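Here is how names work: the chains are called A, B, and so on, in the same order as the sequence lines, proteins then strands, and each is numbered from 1. If you're wondering where the values come from, they're calculated on a predicted model, not measured in any experiment.
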Number of protein chains: 2
Amino acid sequence: MAKERVTVIDIARAAGVSKSTVSLVLQGSSLVNEATRAKVNAAIRELGYVYNRSAANLRQSKSKIIGIVVNDLTNSFFAELAVGVDAVVQSAGFVQFLANTSEKIERQREVIASMREHGVSGLIISPARGTEASDLAPLVESGIPVVLVVRDIAGAGVSSLTSDNHAGAVAAVRHLIERGHRRIAFLGGFADTAVFESRVRGYRDALLEAGLGPQSELVIGSAPSRAGGVTAIEQAMMLKERPTAALCFNDAVAFGVCDGLRARRLEPGADFAVIGFDDVIEAKTAVPALTTVSVDPQGMGERAAELLLKQIKAGRAEPEAIVSSVRLVVRQSCGAAAERRMKEVSS
Amino acid sequence: MAKERVTVIDIARAAGVSKSTVSLVLQGSSLVNEATRAKVNAAIRELGYVYNRSAANLRQSKSKIIGIVVNDLTNSFFAELAVGVDAVVQSAGFVQFLANTSEKIERQREVIASMREHGVSGLIISPARGTEASDLAPLVESGIPVVLVVRDIAGAGVSSLTSDNHAGAVAAVRHLIERGHRRIAFLGGFADTAVFESRVRGYRDALLEAGLGPQSELVIGSAPSRAGGVTAIEQAMMLKERPTAALCFNDAVAFGVCDGLRARRLEPGADFAVIGFDDVIEAKTAVPALTTVSVDPQGMGERAAELLLKQIKAGRAEPEAIVSSVRLVVRQSCGAAAERRMKEVSS
DNA sequence: TGACGGAATTGGAACGTTCCAATTATTAAG
DNA sequence: CTTAATAATTGGAACGTTCCAATTCCGTCA
């Protein structure tokens, strides 16, 4: 029962042609006669041939693999990003090699090395916290196209695709100010990331623009998770002057903030306004539906993949830094929808 | 700047040894002298050599890749499963090839074919809805070790790792009955899956055991998502005789049910008892914390990977069907924790 | 000194594909 | 019927590694 591997040579023999012809058929070449193509395909089915990509890769010294490395797959933002990438990558005839680093630089180094050994033709990386340009240097020198996504790294010399975090935060805070809020917190996230930095900067700028001084005690970091959101809002509610609204680092934190609010018998959307960031799928269906800055992770994954494929096709391309625009999606959790409904009725 | 690929031969030349010796070093063979090993390693670093796995795979006709195909990566249950697999697989020196089928049989066929072409040494599959034994036949005939996870497929002739859905459902429903509930609903999930079938069977058996007749109108299917949970509970509340408690198909549905309850000004845990299934990470931190049947997706991923690695090592092993036990984790959403606290105080 | 044995090293063949240049078959034109 | 042009097919080399059998090295013992 231990079957020998069937190779192009076996197919060739069965179909009465040469291995070169079989190879041509495999590649869908137009050079081969329709009748022989049929014969060959029949033999392939007959013998249960499976293509050996290792051999092909070796010969052509290139593969149809693209690698994607994410820092936290259990965060649904990144899971969605990955499925976005997968969708376009596979429809371009590539296959995706996905690795999760759990924010560990060392693990990231390993998986990138492993991907290079497998001869990926390109890499999409959402770098782990603390990744520096020097960590990526050997990779970019090798000339493999790389697209950094979500988190950019200064001086890395590769393309990047990030969201306009600053503008998103500004829009969210302006909206809260319009709704009459004066004490607005920024909750969650690790302070040492570029994403955090730009979102907080947007938050500060919007506050300043409205003449509301910098309220440093209202910026409260935490793990960027649901649990982190709970602790952040608890901390915020310990202040003598409590906030009445919060912009959260991401949607997971925002959900945690809602949880923490309810634990204190406060209803998010009614008693306290909360705005998230990212617009993960659950944001729409949660109760109250989450007002959030839509980043469209899946769409970002798709665009990153397209950018990468373009670079692969073009050979060596100039690195470009794309910042994709975001928009505020107003739902219930900031209390705005209700007010607007009233306004619509009264006008 | 276009660099030539550096190969073992270049290393050999630089280190003044033969390519065979370099190969030995690469494989960590004990045959090679410590001094030469050092020389070779120095040359490897010096020239920036990167191992070509395609060539190695071709020669040895085996790879260090294991494939994992899941039916829905955006569901955090499966994302966690994947990270569990990744953890053990990578510490065994393998690398993970992850693909998402989005429940599409056709896509599943493609990714499995692609993985075979890449010469994976084993496959962990959480099959798409409607997958039949015949879909997997060519794969299992090829002798590649396969472990089915989460969803078993009758007659496939491969190992499987599932959770004890029946026992979990029985435990959950018994708990609700003990708490005094008499009208208990089963909410969410697609009726044509084996997982649904066994959970509902457990639900029915527990009801029967307590002399509560079959309450067929209380079994309400829906998409196994948060949005699905909202619609299911809405439907349940339209009945003339409303339920007072529900066992949900999974945690996502349970969260949706909580949302739907709140939309009707009912507080989950106080006014209505809800129990989930799976115990995803958010279950613990949600408010109210979700009572749920713990399936430990990450642990399941780890066990599936271990099972697969064992089979790969053993060559051809007898297929085994493992059903991993589950346990009811009582938190707040079923109202039990509060009662118990009262009891503890009074006793 | 020579023979022996274990440790370390080595050249060449092989893995299954693709590419290239060359060959053969077919058709069209004169 | 010959020649040219085009279409279809082909054998062999090459890709970078590992494996095998063979060889060299070196110290030890008689």
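- Taking only side-chain atoms of Ala55(B), from C-beta outward, the nucleotide of dG11(D), dG16(D), dG16(C) with the closest atom is dG16(D).
- Taking atom CD1 of residue Ile44(B) and atom P of nucleotide dG16(D), one finds them 16 Å apart after rounding to whole Å.
- Across the protein-nucleic acid pair, Lys62(B) atom NZ and dC19(D) atom P stand 7 Å apart, rounded to whole Å.
- Dashed line: the shortest gap from a side-chain N or O of Gln60(B) to OP1 or OP2 of dC19(D) is under 4.0 Å.
- Residue-to-nucleotide proximity on DNA chain D shows that, of Gln27(B) and Val32(A), the 5′-proximal contact is made by Val32(A).
- Distances were taken from every side-chain heavy atom of Asn33(B) (C-beta onward) to each of dT9(D), dT17(C), dA8(C); the shortest belongs to dA8(C).
- A straight line from OH of Tyr51(A) to C1' of dT17(C) spans 7 Å, rounded to a whole angstrom.
- Rounded to whole Å, atom P of dT17(C) lies 14 Å from atom CG of Leu24(A).
- Counting non-hydrogen atoms under 4.0 angstrom, Ser54(B) reaches nothing in the nucleic acid.
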Steps toward salt bridge (charged side-chain N to carboxylate O under 4.0 Å, His left out) verdict (Glu320(B), Lys310(B)): CA-CA 12 Å; Glu320(B) 45 188 320; Lys310(B) 195 180 77 180; 2.8 Å; yes

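- We find that CG of Leu58(B) is positioned 13 Å from C1' of dA13(C), with the value rounded to whole Å.
- Within the 4.0 Å cut-off from OP1 or OP2 of dT18(C), at least one side-chain nitrogen or oxygen of Ser23(A) is found.
- Nearest heavy atom pair, residue Arg151(B) against residue Pro127(B), reads NH1-O, 2.9 Å.
- OP1 or OP2 of dC19(C) has not a single side-chain nitrogen or oxygen of Ser20(A) nearer than 4.0 Å.
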Derivation of the side-chain hydrogen bond (donor to acceptor under 3.5 Å, both in side chains) call for Ser63(B) and Asn57(B): CA-CA 5 Å; Ser63(B) 76; Asn57(B) 290 348; 4.9 Å; no

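- Phosphate contact (OP1/OP2 of dC15(D), side-chain N/O of Thr7(B), threshold under 4.0 Å): absent.
- Counting all heavy atoms, side chain and backbone alike, Val158(B) lies closest to Val146(B) at CB-O, 3.7 Å.
- The base of dG11(D) is not paired with the side chain of Ser18(A) by any donor and acceptor separated by under 3.5 Å.
- Contact check, Thr21(A) against dT10(D): a side-chain N or O comes under 4.0 Å of OP1 or OP2.
- Protein atom CD of Glu34(A) is 15 Å distant from nucleotide atom P of dA7(D), rounded to whole Å.
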Verdict with supporting geometry, Glu110(A) and Ser114(A), side-chain hydrogen bond (donor to acceptor under 3.5 Å, both in side chains): CA-CA 6 Å; Glu110(A) 289 169 7; Ser114(A) 170; over 6 Å; no

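- Atom CD1 of Ile9(B) is separated from atom P of dT17(D) by 8 Å (rounded to the nearest Å).
- Of the two residues near DNA chain C, Gly16(B) and Arg53(A), the one whose nearest nucleotide lies more 5' is Gly16(B).
- Taking 4.0 Å as the cut-off between side-chain N and carboxylate O, Arg303(B) and Glu306(B) do not count as a salt-bridged pair.
- Side-chain to base pairing of Arg59(A) with dT18(C): one donor and one acceptor N or O lie within less than 3.5 Å of each other.
- Rounded to whole Å, the distance from CG on Asn57(B) to P on dC15(D) is 19 Å.
- Distance from the side chain of Leu31(A) is smallest to dT9(D) among dG16(C), dT17(D), dT9(D).
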